[in-house]
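I have placed the structure first, in the form of structure tokens, so that the comments after it can refer back to it.
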There are 2 protein chains.
Amino acid sequence: MDNSDKKLPSHAKGKAEPPSPGPTRAKLEDVASLAKVSLATASRAINQPDIVRPAIRERVLRAVEMLAYTPDRAAKALSSGRSHTVGAVVPTLGNAIFADGVEALEVGLGARGYTLILAHSQYDPAREFRQIRSMLEYGVDGLVLVGDSFAPDSLPLIRQHRRPLVTTYVCTSRQNIAAIGIDNRRATYGMTRYLLELGHREFAVIANTGMPNDRSKARLDGILDAIGEQGIRLPPDRIIEAAQPTIVAGREAFRRLRAAHPGVTAFLCTTDAMAVGAVAEARREGIRVPEDVSITGFDDVEIAGETDPPLTTVRVPAAEIGTLAANQLIRIIEGEPIPMSTQLEATLVIRGSTGPVAAPALRKRRPRAAVV
Amino acid sequence: MDNSDKKLPSHAKGKAEPPSPGPTRAKLEDVASLAKVSLATASRAINQPDIVRPAIRERVLRAVEMLAYTPDRAAKALSSGRSHTVGAVVPTLGNAIFADGVEALEVGLGARGYTLILAHSQYDPAREFRQIRSMLEYGVDGLVLVGDSFAPDSLPLIRQHRRPLVTTYVCTSRQNIAAIGIDNRRATYGMTRYLLELGHREFAVIANTGMPNDRSKARLDGILDAIGEQGIRLPPDRIIEAAQPTIVAGREAFRRLRAAHPGVTAFLCTTDAMAVGAVAEARREGIRVPEDVSITGFDDVEIAGETDPPLTTVRVPAAEIGTLAANQLIRIIEGEPIPMSTQLEATLVIRGSTGPVAAPALRKRRPRAAVV
DNA sequence: CTGAAAGCGCTTACAG
DNA sequence: CTGAAAGCGCTTACAG
């Protein structure tokens, strides 16, 4: 305590030196000689216990215990060609949907003896490529990615290294990659159908397609498909493509859309964070939700259920995606086949931010000619 | 697209097989013979370019290019004793404060050629110990942890492996670990002083000390110290120790505290998520913030500025912590000394969720005897 | 079931 | 500045 300087930021005087030498770490050779067996037997007793005679096995395991032996993974990786390591690159950890998926992935991997190497791309394919290359060079046994659009060199590189690959948050890939996730298009299609049934005819969309992003693109498509079926067109100026899926971006987008198109009754957002911003901005402007406008999100992160009103949204089973990604990737690594497509359910969660359109009959029947 | 089954969840018929054989990956030996130099020279041309004659260096680098050579990190690690890998274990990625720190850590590490191995402990010291052991066995060059309380075996194990260690989100350690973070006690001390100056005398605390957690403990201490100086005592039933720092936990804690202690005017929460829940619950109950009660958070995550009213909180410089942790750890790894304590500023961010206590004179002067 | 030995792909003293 | 060779700590055919 007393060496914490009071100025901020501060550097105390105490220095942390690199650790100094001491007793050396035990290696397999030490275990073998203590147990009076060969290196090979020691190795087998540890890795394939039932292939070695019980008495000997016991001796080896006791030696392991006594020496607190812990295998050198680098040596193991080099000689066996397997690192027991999996690489994952996600767009960002800032979105709870990815944070949750990564947590579940790590748990699933750890349970099977695999270690997670993590990187984030900030939605930048070039960055993602570099991360992938670094992981491959690192010797990962497999990779977990997000989505289905990559830098042109990424997939060839992975294939050249012959490493198994699984992609997530989408349920199909056009590039012959096993995919585990939801059908984004269909989810927003369902959401939009629900809004249509509530009587909404005037839509606007806040999409985070600013950064090329196939999930958001699919979500936008689902919306357009559903309203298109009803003969409704969405002029480009009713779609705002936010660069970042943040609360602030949602707030700002709502403000602009509302100002330009006061007649819009339903605002669809492609992420919860943006919807939270839209709801906050609506409140600030004295616009009632859902009486005046309906607002929807996507993801169902924790905050979605806690806004006022709580958000109608789509639940993305992030933890399930992470768990399945771990299991399936390990299965490929270990030579078993897995399905090319695992589609998880994306549930429509109806809460208070949506409601019937106000005076729909009035709005619809009002003859356009009369307005002029 | 057409192989996505329509039932949910579904497994399409297509199977992902393990990758099949193809052209083999180039090794350093291939580079050396293509460049007509020895293995040693090839290695040097790549790793210590200025130690080798320019003409030869060029030849080697050209060969690297032609063969798309990428070094085998496991072999490199085994022969050099350095893995260029750093392990980090954080309590959870679910809290933006850690997600942001991990992102910055990864960027800082990547910029210096280090790869991040990540795990999360779910606030469980035993889990953390296992993660640490696995990383050590993996051969990480150093470790980044959070806080200053660990399972009893963790530190001895790290020291036995002689691996550098840095801890974060706290600015001092009692265990002789270099620490990079804020002074949690002092931050809530300042926050509480501010509330005292607004006239508040009746406090309650929502702390996430349910899981043993030295940061939250320090935050609680800072509050108690500040009010203690004013001769105010905080009965235990005015402190709720939530097990998880979630919105729901904050909401529930606020409800219980308010019901039991209607006279409390200031609710201090040790995380923003819990404060968001408290504000939401206050609104639900028709209690005005800040007119009736003031509520404060801690962390300053994005949502803190977007609630209604926005939260008064303490900004934790998570990205800066992550960046500094990367830099300092690498410095120790590379044999340079670093400060034992790096204290970053935890700024008090005053927003709309706090205000002067309502009719303080009235409240204070009302003779207790009269109530009876 | 066990052991001796080669080999995984690099780095790095040690000579030259 | 360059090269031949040993060695990092394991695994794994290959014999026995």
Side-chain angles (χ1 to χ4, degrees), chain A residues 24-61 63-64 67-85 113 115 136-141 161-162 334, chain B residues 24-61 63-64 67-85 113 115 136-141 161-162 334:
Chain A
T24 178
R25 178 175 162 187
K27 53 182 75 166
L28 189 57
E29 197 183 321
D30 301 322
V31 171
S33 62
L34 180 57
K36 306 206 181 303
V37 296
S38 72
L39 254 183
T41 301
S43 172
R44 290 188 195 107
I46 292 166
N47 299 309
Q48 316 167 55
D50 22 58
I51 225 181
V52 68
R53 214 188 317 166
I56 296 196
R57 185 202 314 153
E58 288 313 315
R59 244 161 55 211
V60 172
L61 296 183
V64 165
L67 299 171
Y69 169 72
T70 177
D72 181 315
R73 297 276 228 115
K76 211 161 174 163
L78 181 58
S79 59
S80 71
R82 290 266 306 277
S83 68
H84 278 267
T85 261
T115 298
L136 253 12
E137 160 172 326
Y138 196 85
V140 294
D141 290 338
H161 281 255
R162 278 186 229 105
E334 302 188 340
Chain B
T24 176
R25 176 175 165 188
K27 54 181 73 167
L28 188 57
E29 196 183 322
D30 302 321
V31 171
S33 61
L34 180 57
K36 306 205 181 304
V37 296
S38 71
L39 253 181
T41 301
S43 172
R44 290 187 195 108
I46 292 167
N47 298 309
Q48 318 166 56
D50 22 60
I51 225 182
V52 69
R53 216 188 317 166
I56 295 194
R57 185 202 315 152
E58 288 314 313
R59 248 165 48 214
V60 173
L61 296 184
V64 165
L67 299 171
Y69 169 71
T70 178
D72 180 314
R73 298 277 229 113
K76 214 163 171 159
L78 181 58
S79 59
S80 71
R82 289 266 305 276
S83 67
H84 278 267
T85 263
T115 298
L136 253 12
E137 162 172 325
Y138 197 84
V140 294
D141 291 337
H161 281 253
R162 280 188 227 102
E334 302 187 340

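Sequence lines set the chain letters: A, B, ... in the order given, protein chains first and strands last, and positions in each chain run from 1.
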Residue pairs passing the side-chain hydrogen bond (donor to acceptor under 3.5 Å, both in side chains) test with at least one member in residues 67-79 of chain B, sequence neighbours excluded, are A:Glu137-B:Thr70, B:Asn47-B:Lys76, B:Arg73-B:Thr115
On a heavy-atom basis, the closest approach of A:Lys36 and A:Arg59 is O-NH2, 3.3 Å
Dot-bracket assigned to DNA chain D with the 3.5 Å Watson-Crick/G-U criterion, [ ] for crossing and | for other-strand pairs, is |||.||||||||.|||
Here the distance between atom P of D:dT2 and atom CD1 of B:Ile46, to the nearest Å, is 14 Å
Once base and sugar-phosphate atoms are separated, protein heavy atoms under 4.0 Å mark nucleotides 9-16 of chain D, 5' to 3', with B, S and - as BBSBB---
* D:dG16 and D:dT12: how far apart are their C1' atoms, nearest whole angstrom? -> 16 Å
With sequence neighbours left out, the residues meeting side chain to side chain contact (heavy atoms under 4.5 Å, CB included) with A:Thr41 are A:Val37, A:Ser38, A:Arg44, A:Val52, A:Ile56
In whole angstroms, the gap separating C1' of C:dC1 from CG of A:Asp50 amounts to 13 Å
If you look only at distance, which donor and acceptor atoms sit under 3.5 Å apart when one is on a side chain in residues 28-35 of chain B and the other is two or more places apart or in another chain?
residue	atom	partner	partner atom	Å
B:Asp30	OD2	B:Lys27	N	2.8
B:Ser33	OG	B:Glu29	O	3.3
B:Ser33	OG	B:Asp30	O	3.3

Rounded to whole Å, the CZ-P distance (A:Arg82 to C:dG7) equals 23 Å
Contacts of A:Asp141 meeting side chain to side chain contact (heavy atoms under 4.5 Å, CB included) (sequence neighbours excluded), chain-then-number -> A:Arg82, A:Ser83, A:His84, A:Tyr114, A:Ile333
Between CD of A:Glu58 and P of C:dC1 the distance, given in whole Å, is 15 Å
